[in-house]
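Throughout, a chain's letter reflects where its sequence line sits, starting with A, and its residues are numbered from 1.
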Amino acid sequence: NAGVMQNPRHLVRRRGQEARLRCSPVKGHSHVYWYRQLPEEGLKFMVYLQKENIIDESGMPKERFSAEFPKEGPSILRIQQVVRGDSAAYFCASSLDRGPLSFFGQGTRLTVV
Amino acid sequence: QKEVEQDPGPLSVPEGAIVSLNCTYSNSAFQYFMWYRQYSRKGPELLMYTYSSGNKEDGRFTAQVDKSSKYISLFIRDSQPSDSATYLCAMSEGAGSYQLTFGKGTKLSVIP
């Protein structure tokens with residue numbers, strides 16, 4: 001069984017570009033969570049999605065960030081017009097039911113130059 | 001004051017030593033406590049999951065929670081070089097809570 005798969009592993013974007021981060025959950029898992037780890041900080045919750053629904057986006061910045069989990073395909077975290085402060089590691093987790101979160105992906109490390 | 005405080009280390013110990021990792025927290029509503037292990041450039045993996053106060057043992061790992069002191073610990077006995085990683089504490093208010101509050105992590109090196 002494959003675990004949570006994230007791609008790309010590393011992403012470099014210039015300021016003002018868009019970043020798209022993908023997360024394929026563990027097979028059969030319908031709950032997906034995105035967390036962000038800023039340099040020298042702990043992981044922070046961003047958004048919780050189920051198939052085709054955003055359940056809780058209380059941790060998402062209000063502007064430029066969006067997430068989706070379509071019926072088919074991976075979950076996407078989209079960051080528009082990236083700024084240097086968006087540079088971080090973005091982790092995705094999945095679960096069969098709600099919590100605890102056992103399965104995190106390897107993360108996407110976004111660098112904004 | 002941050003919700004969860006964790007000494008970032010680094011912590012370096014010889015192989016076979018007993019390792020003690022700790023976190024303090026301020027939110028008395030936290031009921032569920034977790035320890036994750038994160039190898040370099042990898043995602044966190046859940047090591048221990050405990051509810052409320054008390055001890056939980058799993059092989060060489062023991063998790064302790066003292067809610068009266070708002071203090072949690074992870075002990076690793078007979079530490080191995082393969083234990084070298086960053087250890088993250090995390091906590092939540094509810095069992096099904098997906099909004100975990102993480103510490104910054106403690107980087108541990110076990111020297112052969």
Under a 4.5 Å cut-off applied to non-hydrogen side-chain atoms, are A:R36 and A:P61 in contact?
yes

Holding to salt bridge (charged side-chain N to carboxylate O under 4.0 Å, His left out), I want the full list of residues that pass it with A:R22, two or more places apart in sequence or in another chain.
none

N-O pairing of A:R64 and A:D86 below 4.0 Å:
yes

Parallel, tilted or perpendicular: which fits the ring planes of B:F30 and B:F33, with parallel below 30° and perpendicular above 60°?
perpendicular

Region of B:Q6 in contact with chain A, defined by heavy-atom distances below 4.5 Å
neither

Region of A:E40 in contact with chain B, defined by heavy-atom distances below 4.5 Å
backbone

Mind checking which of residues 105-113 of chain A sit less than 4.5 Å from chain B, heavy atom to heavy atom?
A:G105, A:Q106, A:R109

Distance only, no hydrogens: is a donor on one side chain within 3.5 Å (strictly under) of an acceptor on the other, for B:Y49 and A:S102?
no

Using only non-hydrogen atoms and a strict under-4.5 angstrom cutoff, which residues of residues 61-71 of chain B touch chain A?
none

Between B:Y98 and A:F45, what is the ring plane arrangement, given parallel below 30°, perpendicular above 60°, and tilted in between?
tilted

So does A:R9 have more than 12 non-hydrogen atoms from other groups sitting under 6.0 Å from CZ?
yes

The interface call for B:L100 against chain A, heavy-atom contacts under 4.5 Å, is both

Would you mind reporting whether B:L108 and B:I76 have side-chain heavy atoms less than 4.5 Å apart?
yes

Which donor-acceptor pairs under 3.5 Å do the side chains of residues 75-85 of chain A make with protein atoms, sequence neighbours left out?
from	atom 1	to	atom 2	distance (Å)
A:S75	OG	A:W34	NE1	3.0
A:S75	OG	A:E68	O	3.0
A:R78	NE	A:E18	OE1	2.9
A:R78	NH2	A:E18	OE1	3.0

Which bit of B:Y39 comes within less than 4.5 Å of chain A, counting heavy atoms only: side chain, backbone, both or neither?
neither

Can you find a pair of side-chain heavy atoms, one from B:Q31 and one from B:S97, that are under 4.5 Å apart?
no

Could you check whether any side-chain heavy atom of A:Q37 comes within less than 4.5 Å of a side-chain heavy atom of B:F102, counting everything from C-beta outward?
no

Please tell me if the side chains of B:Y25 and B:E5 come closer than 4.5 Å, counting only heavy atoms from C-beta onward.
no

Selection from B:K42, B:R41, B:Q38 maximising heavy-atom pairs under 4.5 Å formed with chain A
B:R41

